Amino acid sequence: MNVKKILLDENEVPKKWYNILPDLPEPLPVPLHPATEEPVKPEDLEPIFPKALIKQEMSSERWIRIPEEVRDVYKIWRPTPLIRAERLEKALNTPARIYFKYEGASPPGSHKPNTAVAQAYYNAKEGVERLTTETGAGQWGSALSFACKLFELKCMVYMVKVSYMQKPYRRILMETWGGKVVPSPSEMTEVGKKVLENDPDNPGSLGIAISEAIEDAAKHENTKYSLGSVLNHVLMHQTVIGLEAKKQLETIGEKPDVIVGCVGGGSNFSGLCYPFIKEAQREGIRIIAVEPKACPTLTGGEYKYDYGDSAGLTPLLKMFTLGHTFIPPPIHAGGLRYHGDAPTLCLLVKHGIIDAKAVTQIPTFEAGVLFARTEGIVPAPETNHAIRAVIDEAIKARENGEEKVILFNFSGHGLLDLQAYDDYLYNKLKDT
Ligand SMILES: *Cc1c(COP(=O)(O)O)cnc(C)c1O
């Protein structure tokens, strides 16, 4: 069979999201209130999230209906193509068949609008007028700016300072969609002011930016906060990726042996692999979560309750964590610089249902450049982590003479990350 690209009709955009909560191997440890350390009640979250999303966050229903208004926006770019990376296979001389789900096809260029659009919709429906958020490399901020504009909300983005400096084009993209962007730590919040007082050159972190965005939302009328990863409802919105991919593979009679994705907070990875989780356990599909060695949450963190932000404003979540005050080195994959990970993903890693692997920066760019030179598409630095692991698996398949089917999530394109490629091509990258 010589299939290059598997496309679905727009009517095949999923009608329901998949919620993994009822299918976990043990009940998810409940989030705890940051002040009292008692289990969080829905009312505790109402100052920062709309009711519909709080309900989804705590829901134990397996399938949740996608509103038609959200599906209608999804149809701008969904279903995304599933593409066979045949030229990459050839370059690696591997018997493995490699397929990638191309989430770079969305207007902001990543998977992130899958949840941004849903979140903007539910907020707008409950009368919210303004959303605040944090962003690393700028993908989440640009996805939310795009989504807010479609539902007529204002968007305020706290962008991690190191990325704000390295990646001006995503700021411009956010502003083009009408978002307001400030480098974090900023003078706009008490949290930001305190960090700057102690360390004026602080490069920022997602943890600090989250604290700033939450403080802003809690302080202002008709303003709520929006998170681009980690939470249950966010991962659930991303399952459109895996649900489509499953259908696409079925149409050509393929089944994955290995599923790979990169992990920052876990949303794109979970979005692809959660819809496969039951057969993964039944049929022994290997699922690999890839993270940077510079921020090795799943492979080097401790499984315990920790805050989601650096100031300790969020509920305590049971997860693998490097500690909420951990500030990772300024690697180019800004979207993977987070001290924790999604609690459901951590639970599945703890149970050995999902494997985790950490890779260093330079080999990820080697992988990304090989991908660009074979398949043409320039991947985001985050996506390069997944590609590194895919290439390693394909080489292993060659050495063992195994006809493996490898499926990975192409979380985003790298056309706004070209400085990172310049640094790699001219030997300016460091691996610590
Ligand atoms: C944000 C981002 C990631 C990491 O976030 P997850 O929530 O782990 O998916 C990965 N790839 C791209 C392209 C991103 O924009």
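In listed order, ligands and their atoms are each counted from 1. Bear in mind that the values here come from a model prediction, so they are computed numbers and not experimental data. Note that the numbering runs from 1 along the sequence shown for the chain.
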Tell me which donor-acceptor pairs under 3.5 Å the side chains of residues 315-334 have, and how far apart each pair is, sequence neighbours excluded?
unit_1, atom_1, unit_2, atom_2, d
T321, OG1, D306, OD2, 2.6
T321, OG1, G323, N, 2.8
H324, ND1, D306, OD1, 2.8
H332, NE2, D423, OD2, 2.9

Contacts of type side chain to side chain donor-acceptor pair (under 3.5 Å), residue H111, not counting sequence neighbours:
S267

Any protein N or O within less than 3.5 Å of an N or O in ligand 1? List each pair with its distance, or say none.
unit_1, atom_1, unit_2, atom_2, d
ligand 1, 7 (O), S229, OG, 2.5
ligand 1, 7 (O), S267, N, 3.0
ligand 1, 7 (O), S267, OG, 2.7
ligand 1, 8 (O), G264, N, 2.6
ligand 1, 8 (O), G265, N, 3.0
ligand 1, 8 (O), G266, N, 2.8
ligand 1, 9 (O), H111, NE2, 3.2
ligand 1, 9 (O), S267, OG, 3.2
ligand 1, 9 (O), N268, N, 2.8
ligand 1, 9 (O), N268, ND2, 2.7
ligand 1, 11 (N), S411, OG, 2.7
ligand 1, 15 (O), K112, NZ, 2.5
ligand 1, 15 (O), Q139, NE2, 3.4

Salt bridge flag under 4.0 Å for residues E175 and R171
yes

State whether E254 and R97 are salt-bridged, where the test is any N-O pair (Lys NZ or Arg NE/NH1/NH2 against Asp/Glu carboxylate O) under 4.0 Å.
yes

Look at the rings of F371 and F410 and say which category their plane angle falls in: under 30° parallel, 30 to 60° tilted, over 60° perpendicular.
tilted

Applying salt bridge (charged side-chain N to carboxylate O under 4.0 Å, His left out) as the test, list every pair that has at least one member in residues 348-368; sequence neighbours left out.
E26-K350, R286-D355, K357-D392, E366-R388

